J.: 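Following this message is one structure expressed as structure tokens.
These numbers were taken from a predicted model, which means no experiment stands behind them.
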Amino acid sequence: MAGETNALRMLESVDRIRRHWWVLFAGLCVGTAGSLVFLEQMPKTFEATTKILVAPQRIPQEFVKSTVTDDLAVRIAALREAVLSRPYLYKLIETAYGRPANDAEAERLIESIRSRVTVTVSGYNLSRSDASAYFEVSFQDSNARRAAEVANTLAHLYITENSRFRSARAQETVQTLEGLAKKVETELEERDRQIAAFKSAHLYENSSQLEANIRLLDGRQRDLDANQKALAAAKDRLEYALGQQPVTLANGTYAPTAQLDPDVARLAVLERELDTIKARYFDNHPEVQAKERQIAELKNRIANAPANSRSSSEAPGNANTPYSPVDAIRREILRLEDEQVRIRADISHYSARIESTPRVEQQLAELTKGYEAIASQYREYAGKVQLAKGSQTIEEAQKGEQFEVIETAVPPAFPIAPVPLNVLGIGLVLGLLVFLAPLLLREFFRPVVRSEAVLEASTEVPVLVSIPRIHTPQAEQFERNRRIANWMLSALSIGTLVVALWYAQPGA
């Protein structure tokens, strides 16, 4: 029963509001007027936006590969810190706002500008080389023209800083790779120096000289055999010559028993020398041929020499001492023995070379261990340095990935704050509350029974008699005054709305 009573009372309140339509109308007009005046008086915020395209590298990556491959969002965040640095913002403040009065004012403007800059990356889900990747730089300000000017200035700073940033990154890459290549090159040069010094110290003890050492050793072995044969023959001749020495007679003269012909002795020596030379060289060697000519000439001279010439030369009257080849043979023996010492020394030297070759090769292998890896690493770094220099040239020439303005900021026509619809809605609600609140509060605190249905629902007693309202002159006069007041209130509300509309017009 109580719920029915409340529902009836609510219906009566709605009916009362409907009958007091001028109150509702006045609230709407005053609320709208207040919203318009508030919008006009409230500080406005305009937002200007510049759209910047991330243009891909103009030279194909197949020809020159870029070494600046960072994340676009990270780079834009880093550029934001550079663009909004104090040196740039000081210049921007002097251009757009004028020279600040003091440092505190400058710091306030710097912090205010930083808080009103917004950077939005769009199209980033696509490939970085895709032309649809772009970002927007927005700036909010109470002045529409200044907002557009600052947004365009910030966009220009982003483009400039991006070019400088990419050039610096490419240069850093080149310097880093050059440092790595220089380090490896120094290590490679040191290893080359050590290997060259080792090879120089063991010039004839490596595997490349092994065959030559073997040939030399074999040749000296043959020389030793020939020397030993020649030495044995010389000793035989010496014994023969000693057996043919002249004897002293009683009268003081020499009487040779069987003196040796000097040409014959010379011929024997040449033949031994020929055997020695043939043991070392082939028959067509110049020394072999020269020795054979000497032997042939000596044989020819012995064959053609007259007997009396040899006897006269051998006659004791020609000299006090007869010819004796013993001294010549002894000198030959001494020469052959000295030569044998030299040959044996050479054989020992060549044998030592051959025996040292495996050890030297092992030491050289240890010294060259890892050399090819270092050389390969150096070649790799050198190649990367050249590629990085090409990328640096591209970036310095601004042919790499660059920022381009595709939509310049223009002064916005409408502010982004305050939002007119929001303010208008709040004004209408406040206007209705101001004018309808008294009626609603009166109905809540001083409820009045205005119908038989509410009375019956409240008392649960049936209404038997209903007395109609008596229209007295005083009541009719009050009703007329109330209607006039209502119409005047409505007219005043309309006037207020008209004045507010005029005030809110641009240029009013």
Side-chain angles (χ1 to χ4, degrees), residues 213 215-353:
N213 288 329
R215 288 198 303 269
L216 291 172
L217 178 62
D218 185 60
R220 297 309 282 170
Q221 288 285 2
R222 291 195 300 269
D223 291 343
L224 180 61
D225 294 339
N227 178 274
Q228 290 175 347
K229 293 179 181 179
L231 183 60
K235 289 181 179 180
D236 291 342
R237 291 197 307 273
L238 179 61
E239 292 178 0
Y240 177 78
L242 291 175
Q244 299 295 323
Q245 286 292 331
V247 297
T248 305
L249 300 177
N251 57 5
T253 61
Y254 293 92
T257 56
Q259 292 183 352
L260 184 67
D261 189 347
D263 290 337
V264 175
R266 178 60 179 164
L267 178 61
V269 173
L270 292 177
E271 288 177 348
R272 296 296 184 184
E273 291 179 354
L274 178 62
D275 292 338
T276 302
I277 294 174
K278 284 187 175 181
R280 298 176 58 184
Y281 306 109
F282 294 104
D283 293 341
N284 58 354
H285 195 274
E287 292 188 12
V288 175
Q289 295 177 356
K291 192 64 68 176
E292 288 178 347
R293 286 195 299 269
Q294 291 178 7
I295 293 173
E297 292 175 358
L298 187 56
K299 286 181 178 180
N300 187 31
R301 188 173 63 184
I302 293 173
N304 297 327
N308 56 358
S309 63
R310 289 198 300 272
S311 60
S312 61
S313 62
E314 297 166 1
N318 294 339
N320 294 327
T321 58
Y323 172 79
S324 176
V326 174
D327 293 337
I329 295 174
R330 286 175 176 171
R331 287 194 297 270
E332 178 70 16
I333 291 174
L334 291 175
R335 184 185 65 80
L336 291 174
E337 288 176 348
D338 292 339
E339 183 180 359
Q340 187 175 110
V341 172
R342 291 193 299 271
I343 292 174
R344 291 186 182 276
D346 291 343
I347 290 174
S348 178
H349 182 65
Y350 294 142
S351 298
R353 286 184 182 178

J.: State, yes or no, whether a side-chain contact exists between Arg330 and Leu334 at a heavy-atom distance under 4.5 Å.
T.: no
J.: Any chance you could lay out the salt bridge (Lys or Arg N to Asp or Glu O under 4.0 Å) test for Glu297 and Arg293, step after step, and finish with the verdict?
T.: CA-CA 6 Å; Glu297 292 175 358; Arg293 286 195 299 269; 5.9 Å; no
J.: Which value, rounded to the nearest 0.5 Å, describes the distance between Ile295 atom CD1 and Asn300 atom CG?
T.: 13.5 Å
J.: Measuring from Arg342:CZ to Gln340:CD, what's the distance to the nearest 0.5 Å?
T.: 11.0 Å
J.: Checking Asp346 now: which residues fulfil side-chain contact (heavy atoms from CB on, under 4.5 Å) with it, not counting sequence neighbours?
T.: Arg220, Tyr350
J.: Any chance you could lay out the salt bridge (Lys or Arg N to Asp or Glu O under 4.0 Å) test for Glu332 and Arg335, step after step, and finish with the verdict?
T.: CA-CA 5 Å; Glu332 178 70 16; Arg335 184 185 65 80; 2.3 Å; yes
J.: Residues two or more places apart in sequence or in another chain: which of them pass salt bridge (charged side-chain N to carboxylate O under 4.0 Å, His left out) with Arg215?
T.: Glu211
J.: To the nearest 0.5 Å, what is the distance between CG on Leu231 and CD on Glu337?
T.: 5.5 Å
J.: Can you name the residues that form a side-chain contact (heavy atoms from CB on, under 4.5 Å) with Ser351, not counting sequence neighbours?
T.: Leu217, Ile347
J.: Would you name the heavy atoms of Ile343 and Asn227 that are closest together and state the gap between them?
T.: CD1-CB, 4.1 Å
